[in-house]
Number of protein chains: 2
Amino acid sequence: MKYGFSERVKYLKSSAVRDILKIINEGNIISFAGGLPEEKLFPVEAVDKAFHKAITTNKKALQYGETEGVPELKQLLAERMKQKGLHRSPDDILITSGSQQAIDLFSRVMFNKGDVILTENPTYLAALQVFESYETNVIAVDSDEDGMVIADLEAKIEKYKPKCIYVVPTYSNPTGKVWSLERRKRLLELAKKYHVVIFEDDPYGELQFDDNEQPPAIASLDTNGLVLYTSTFSKTVVPAVRIGWIVGPHQIIRIMAQAKQATDLHTNSIGQYALVHLLRDFDIEGHIQTIRRTYYERMLVMKRLLESADIDGLEYIVPKGGMFFWVKLPEHVNTTELLKEAVDEGVAFVPGAPFYVSNPEQNTLRLNFTNAEPSLIEEGMKRFLKVLEATTVQA
Amino acid sequence: MKYGFSERVKYLKSSAVRDILKIINEGNIISFAGGLPEEKLFPVEAVDKAFHKAITTNKKALQYGETEGVPELKQLLAERMKQKGLHRSPDDILITSGSQQAIDLFSRVMFNKGDVILTENPTYLAALQVFESYETNVIAVDSDEDGMVIADLEAKIEKYKPKCIYVVPTYSNPTGKVWSLERRKRLLELAKKYHVVIFEDDPYGELQFDDNEQPPAIASLDTNGLVLYTSTFSKTVVPAVRIGWIVGPHQIIRIMAQAKQATDLHTNSIGQYALVHLLRDFDIEGHIQTIRRTYYERMLVMKRLLESADIDGLEYIVPKGGMFFWVKLPEHVNTTELLKEAVDEGVAFVPGAPFYVSNPEQNTLRLNFTNAEPSLIEEGMKRFLKVLEATTVQA
C-alpha cells in the first residue's frame, strides 16, 4: 500500500547528530559527538529515593494529572527562578516533556507557514528542525563572540518583520558562547521597539565554570512580557526523566497548555513528583557544583590538547560553561569528510554544517567534553589531532 | 503586549471534560464524569519495585535514549501483541507519551488542511480535538450497536474520499460499544477496496467482562498494511507513567518517529525501563483480571440502579467491557443544563454533546463506573436518578 503523507513531512528531517550517534555507539570509538551529560555524575541514589517517595506517598500522584503540570513542582520552579531574578507566578509555568517540547508547543501556537524567525548562525540543530517542520522562514543574524551583532539584528527585524527571535544566549549549543550583558539588554530594547517575542532557550545556564560570572537570563531583565524562557532537568538531574519547563506571559503559556492537552494530555507525573521530592530533599545546588567542577576540569584537558596542536588556521572558542568546544579548521577542510577518517581512527565529533541556518561553514565542528573521563579525552584528542594533522599537511 | 498566534490556535479547544473535572475535584461531589481508573487497584508495590530496578540497574537507562523507544520494551510489546494475533516486528512499534501522542503524531505526518477523516458519532473527544487542530474535515458515519453502518460508511468513502477512518471499536469511549467481528471484517474490506488507512484506538481492549468474548483487534485481521493500532498502559498499570505505543506499517511508524524526535526527543525512559521490569517480574495478566472483575462488579451495580429507574425514554447500552455507560434521556432533556442541577445535588457526569462530530444529541450523557466504590455508585446514582426524575416529571 502506498501512503499519502502530509505536506509537512517534507520538512521533517532526522537529526544528523542523532543518526551519527547511532552508528558511533556500536563501535569502540571515543565520542565527542553527542551532547550527553556524564553518567557517573547521575545522582542515582537521590533519584531512586525521590521516585520511591513519589510512587508510595500518594496514589493520586499515579492518576491522570493536570496538563499544566504538578502544582508543587511549578511552585518550586517559581521559587528557584526567583533566586535567579526571574519573577513569575507558578501559573506562568508549563511543565513540558523536556525543553524540546517547549520549543515545539511554542511553535505550534505561534507560527504560520512563512512566518520569520531570527536566530544565531549556527544555532541549536533540533530547534531548527522544529521551526522547519512548521514551514517557517528561519533567517540567520550575524553574531560575534558577545552575541548577535545588533546592527544586523535591527536591519533584519526591519527587513523581515520576524515573529520571534530564538536565542541560546548562555553557553550555547553548538558554539559554547555566552552573550554579554550589554547585548542582552540591546536585544530586549529592539524586541520592545519592534514588538517581537524572544524565545530564550537555556538548557546550559547552570553549567557555568566561574561562579562570579553568571550572566542574568534575558527573561530576568524583561518587564514587558516579551520573553519566553525554557530550561530542563536533563543536564542537572538525568535526561531520561524528560522534564523541562517554560515560563513567560500567561496568555501564551495558557494557549500552549491547550496545545499540550491535545498533544499528550500531560507530562509524566511520577517524574514530576519525583523532582518535587528531589528538589526538597536533595542538595541539588551542591550537586550542580560538582557537575560544574567536573566539566570545567574536562574542558581544561581538552583545551590543553587543542593548544598543543601545531595546525595553522585552527581556531576555537574557550567555553565559559556548558558542554562544547566549537572548532574552526583551515578553510579547505570539510569536516563531514573528516569525520569518516576520524571514525576510522577511533574518535568522533559532530560536523558543524547542520547547525547553520544558511551559508554553512564546512570547516567547523563541535566537540563535547562532558561525557568522557580526562584520560579518554587525552586519548581521543590524540586520535583527533593525528587525523587533523594528516589532513592539514596533505593539503 | 499583544501577541500574534498561529491560525491553528483557532482550532484548539480545551476539553470540556477536563474543564468540568477541575471544578468537580474541588467539591464534595460523587463524580461519574472522568475516565479515571480506580486508584485502589494501582499496583503500587510492583510499580515501586520496577522503578527502583530501572533506576539502579544501569546508568545508561538514565541517559538520553532512542526516539523509537527502549528496545526491550518494544520487544516485550511485540510478544504481547503476538499473543493477541497481531504479528509485527519491534521495528514497527513506536513508544509514545500515552496513546494521545500516537493520535497527535499520526495526524501530524498524515493530514493536510481539509483532509477528510471518517469517525463514529459520537467518538473520543480528545481525538476530535487533535484532528481539528490540524484543520482536517471530520465527517461522522452512522453507527448502530455493532459498529459503523457499512452502507453509510461506503457511501461516505465514495463521497468524501477520506484519508483515514478513525475507530475505537472495543468498549468504546464514550458509548461502551463493541464492534462485531463481521463489521470489523467489512471495515477492512472497504479500507482495502478504497485504499484508506484505519486508525484503531484501543485503550480499553483488555478490559473485557467476559473472558470468552474478546473480539480480535482489527489490526490483527489486517494483511495489507492498512491499520495503525494504538494502546496504552494508562488503564492497566497507572496513567501517570504516560506511556503508550503505536504499531503499524513501518513506513508510517518511521516517519512518526522523525516527527516525535522534533516534538520531544523520546518518551521518558525511566518509565519505559520500569515497564520492562514490570512486564517481566509482575503478573500483569492476573492484575488485569482483578481490574476486569472489579469493573464488572461496579458496572453491575450501576446497571441495577439504572434498571430501577422509573423514567420513560431512558435508554442505555450495557457495556461488555471498558469504563462507561452511554445514557440517552427523553428528547426534551438537555444534559448540559442537567449537569448544573446534578452538581447541586452532589453528583456529576459528562454531557454527551462534545463527543459528537456533528448533530449532537443534547439528551445524551456518559457515566463512568470505574472510579467509585460500589457504595459510592449506589449513593451517586440515587442522587443522579433523583435529579433525573425531577426533570422528567417537570416536563
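Each chain gets a letter, A, B and so on, in the order the sequences are listed, and its residues count up from 1.
Note on A:Lys60, A:Glu45, A:Met110: by heavy-atom pairs under 4.5 Å with chain B, the leading option is A:Met110. For the options B:Pro249, B:Ser107, B:Ser6, B:Gly4, heavy-atom pairs under 4.5 Å to chain A are most numerous at B:Ser6. Comparing B:Phe51, B:Tyr134, B:Tyr3 by heavy-atom pairs within less than 4.5 Å of chain A, the highest count is held by B:Tyr3. Your options are B:Ser99, B:Gly225, B:Pro239, and the one with the most heavy-atom pairs under 4.5 Å with chain A is B:Pro239. When the candidates B:Ile270, B:Val130, B:Val109 are compared by the number of heavy-atom contacts under 4.5 Å with chain A, B:Val109 comes out ahead. Listed options B:Lys163, B:Lys2, B:Lys40 were ranked by heavy-atom pairs under 4.5 angstrom with chain A; first place goes to B:Lys163. For the set B:His52, B:Gln101, B:Arg108, the entry with the most heavy-atom pairs within less than 4.5 Å of chain A is B:Arg108.
Residue contact with chain B, scored on non-hydrogen atoms closer than 4.5 Å, involves the side chain of A:Ser133 exclusively. There is no contact between A:Asp115 and chain B, counting heavy-atom distances below 4.5 Å. If you measure heavy-atom distances from A:Lys59 to chain B, the contacts under 4.5 Å come from both the backbone and the side chain. Looking at A:Asp48, the atoms closer than 4.5 Å to chain B (heavy atoms on both sides) sit in the backbone and in the side chain alike. Using a 4.5 Å cut-off between heavy atoms, A:Val9 touches chain B through its side chain atoms alone. Using a 4.5 Å cut-off between heavy atoms, A:Asn268 contacts chain B through both its backbone and its side chain.
In this pair, B:Phe282 and B:His287 present their aromatic rings tilted. The plane angle is within the 30 to 60° band. A perpendicular orientation is assigned to the rings of B:Phe111 and B:Phe106, their planes being inclined by more than 60° (bins at 30° and 60°). In this pair, B:His266 and B:Tyr64 present their aromatic rings perpendicular. The plane angle is above 60°, beyond the 30 to 60° band.
Partner A:Leu105 forms a side-chain contact (heavy atoms from CB on, under 4.5 Å) with one of A:Met256, A:Gln100, A:Gln258 and no other, that one being A:Met256. With B:Lys113 as reference, B:Glu135 is the one residue of B:Glu132, B:Glu135, B:Glu7 to meet the salt bridge (charged side-chain N to carboxylate O under 4.0 Å, His left out) rule.
Side-chain contact between B:Asn371 and B:Glu39 is present, with at least one heavy-atom pair separated by less than 4.5 Å.
The distance from atom CD1 of A:Ile198 to atom CG of A:Leu228, rounded to the nearest 0.5 Å, is 10.0 Å. Atoms OG1 and OH, from B:Thr232 and B:Tyr204 in turn, are 9.5 Å apart once rounded to the nearest 0.5 Å.
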Check: residues 271-278 of chain B side-chain donor-acceptor pairs under 3.5 Å, at least two apart:
residue	atom	partner	partner atom	Å
B:Gln272	OE1	B:Val70	N	2.7
B:Gln272	NE2	B:Thr267	O	2.9

